Amino acid sequence: MTKPRVRFAPSPTGALHIGGVRTALYNYLFARQKGGTFILRIEDTDQGRYVPGAEDYIIESLRWVGLLPDEGVGFGGSDGPYRQSDRKEIYKKYAHELVQRGHAYYAFDTPVELEALRQATENFTYNHLTRNDLANSLMLGDAESQRRVAAGDPFVIRLKVEPGQSIHIQDLIRGDVVFESSELDDKVLLKTDGMPTYHLANIVDDHLMRITHVIRGEEWLPSTAHHVLLYRGFGWEATMPKFSHLPLIMKPVGNGKLSKRDGAKFGIPVFPLGWKGETEEESFGGFREAGFLPEAVVNFLALLGWHPGGDQDVFSMEELIQLFSIEHIGKSGARFDYEKAKSFNQKYIHAKDDAALATLVRPLAEAKGYQVSDEFLSKAISLMKERVTFLTDFVEMGYYLFEPVRNYDEETLQKRWNSDVAAVFAELTEKVATFDLFKAAELEDAVKTFIQEKGIKPGDILPLLRIALVGTMKGPAVFETAEVLGKAETLARLKAMIDHKKE
RNA sequence: GGUCCGUUCGUCUAGGGGUUAGGACACGUCCCUUUCACGGAUGAAACACGGGUUCGAUUCCCGUACGGACUACCA
């Protein structure tokens, strides 16, 4: 078997949906495993929906999750251009060629006329039943059609679907899928503006770029019959790619597939990266901004609709490449489970070493104005690591490692603080001031000895120590926190606590 | 409405003609810890339904129900 060539072909109509990232991932895994080629093609044939910046967004997203194309927009390659708007003339040529071959025709019906027909006729379809009554070259004849085309009349080119044939698609995921050509409409291939529709551009490009496998979302399954007809019409059936239609990613709750709006609706990221729209409403954060590690996102996405079998569920990119197989892709829609995504993130953060995490957390800390040494950051990370879910938690949940306690857990204070305790606390603070070796273990020994000498229970004083240091009853071990904070800061916080209670 | 696709714990899924139907997330309980988490243990939790085929079906076939996608000069 020759090396496979696959493509990821998003449309730059805005931020790349997380489902798109999964499609890219599966294509990438397949290509990598087989030593094939992964191509990025930009399908920007709809001028009306083109969004500036979307293309860069797509590329940056792929970079972030580590799915670098071998060829494509921004990555070079010898089968370019890889942006469909730069290939307009190619499609035009092939569209006309298909007319010559008798598999397509000119149609002069205006969108307004067609809309009127749809209003007037229930389930109106432009097909073998209706095309003979409409303004196209099949009815008008070649001479008149040529005259109108030459005269500059607006026209589209439509696929001429011959009725009466069964079109079989051997989908690698779904098996044999059959469509009756009589049920198919005469799809527009070339629009009035001279741009191709998806159907034409896709087939022409996949053929010209020698694509061997088309791995795309299930929403394309219904139009695949048209695509097969196009391959046949052009005489390219022998090299037609194999199709695999992926199950869709569904909303976290409710019905239907995950949509861009669900992000705002459920307060969860549905895009890899943040997006700056024209307005606040059109702007949103992505998985990256939420504090996800790209490898966690990849792992989560890989398992949304695919599993190699067995009980393993944490996979590195290398393992995914090794284990991936189209046969193991599921057939039914996979619900987007954000809790699961979070749990993967947590696992990956735990598994990552402190130094690597520090590199990622440093920008977050600096954005908050925290100036810290590598050594300190590393210690802070090691302290917090096991209780964070997101990278951002290090500087948000664990803010107290970088700045003074903002507020105290007054409820607990109310219960535990009294004049007796206050005296002990003050004494303890003085004792702490005498420690030179500020290490967690020694500190703990000393404090516990002190507690014993005083004849009080650890529970009387430890919680207060904790609140003094971090403000809350949640968080890392007290003595380790003290060590990371250092002697000066620890003392300052103990005194601040005393001052706080004096008020 | 039409066409096509699908259906194993709440969710992601493993499995496959004879299994105590497995794992993960989430949830409950317990242990660890005088915090929170992590970790460990444990519990509850599924083969949509109805017919076939078969000695036997969750697994194969057919229907039904339900879900989904598509049905644009959008991709």
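Chain identifiers are assigned alphabetically (A, B, ...) following the order of the sequence lines, protein sequences preceding nucleic acid strands; residue numbering begins at 1 within each chain. Here the structure is a predicted model, which is why all the values come from computation and not from measurement.
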Could you check which nucleotide pairs with B/U19 in any of the strands shown, counting Watson-Crick or G-U wobble with both distances under 3.5 Å? none
Across every strand shown, the nucleotide meeting Watson-Crick or G-U wobble geometry with B/C38 (both distances under 3.5 Å) is none
Please report the C-alpha distance between A/Ser316 and A/Glu295 in whole Å, then the side-chain angles of each, then the deciding distance to 0.1 Å, and finally whether the side chain to side chain contact (heavy atoms under 4.5 Å, CB included) criterion is met. CA-CA 7 Å; A/Ser316 65; A/Glu295 49 269 49; over 6 Å; no
Taking atom types as modelled and ignoring hydrogens, do the side chains of A/Glu319 and A/Gln312 form a donor-acceptor contact shorter than 3.5 angstrom? yes
May I ask you to say what A/His245 touches in the nucleic acid, namely base, sugar-phosphate or nothing, with a heavy-atom cut-off under 4.0 Å? nothing
Re B/U59: Watson-Crick or G-U wobble partner, both distances kept under 3.5 Å, found to be none
Would you mind classifying the nucleic acid contact of A/Arg466 as base, sugar-phosphate or nothing, using non-hydrogen atoms under 4.0 angstrom? base
Atom-to-atom span, NZ of A/Lys342 to P of B/U11 - whole angstrom: 18 Å
Think A/Arg406 forms a cation-pi with A/Tyr399, using NZ or CZ under 6.0 Å from the six-ring centre and within 45 degrees of its axis? yes
Quick one: does A/Arg49 reach the base of B/C74 with a side-chain donor-acceptor pair under 3.5 Å? yes
Sugar-phosphate only, base, or nothing, as touched by A/Phe179 at under 4.0 Å among non-hydrogen atoms: sugar-phosphate
If pairing requires Watson-Crick or G-U wobble contacts with both distances under 3.5 Å, which nucleotide is the partner of B/G6? B/C66
Below 4.0 Å: OP1/OP2 of B/G67 and any side-chain N or O of A/Lys257: no
Please classify the nucleic acid contact of A/Val478 as base, sugar-phosphate, or nothing, using heavy-atom distances under 4.0 Å. nothing
Answer yes or no: does a side-chain N or O of A/Lys331 lie under 4.0 Å from OP1 or OP2 of B/C4? no
Spacing between A/Leu304 atom CG and B/U13 atom P, to the nearest angstrom: 6 Å
In A/Phe336, A/Tyr348, A/Tyr338, the residue satisfying ring pair (Phe, Tyr, Trp, His ring centres under 6.0 Å) with A/Phe300 is A/Phe336
With distance as the sole criterion, do the side chain of A/Lys187 and the base of B/A72 form a donor-acceptor contact below 3.5 Å? no
pair_partner(B/U11), Watson-Crick or wobble, both distances < 3.5 Å, evaluates to B/A24
Can you see if the side chain of A/Thr45 gets near the phosphate of B/A75 - specifically, an N or O under 4.0 Å from OP1 or OP2? yes
Please give the nucleotide sitting opposite B/G1 as a Watson-Crick or G-U wobble pair, both distances under 3.5 Å, or none. B/U71
Complement of B/A45, any strand, by Watson-Crick or G-U distances under 3.5 angstrom: none
For B/A24 versus B/U33, give the span between their C1' atoms, rounded off to a whole number of Å. 26 Å
Base, sugar-phosphate alone, or nothing: which one does A/Pro247 contact when heavy atoms must sit under 4.0 Å apart? nothing
Any base atoms under 4.0 Å from A/Pro463, or only sugar-phosphate, or nothing? Heavy atoms, all strands. nothing
Please figure out whether A/Arg118 or A/Val177 has its closest RNA chain B nucleotide nearer the 5' end. A/Val177
State whether A/Arg158 places a side-chain N or O below 4.0 Å from either non-bridging phosphate oxygen (OP1 or OP2) of B/C73. yes
Is A/Gln170 atom CD crowded by more than 12 heavy atoms from other residues, nucleotides or ligands, each under 6.0 Å away? yes
Looking at the base of B/C25, is there any donor atom on it, or on the side chain of A/Ser343, that sits under 3.5 Å from an acceptor on the other one? no
Base B/C38 to side chain A/Arg387, donor-acceptor N/O within 3.5 Å cut-off: no
State whether A/Tyr126 and A/Arg131 meet the cation-pi test: NZ (Lys) or CZ (Arg) under 6.0 Å from the six-membered ring centroid, and within 45° of the perpendicular axis. no
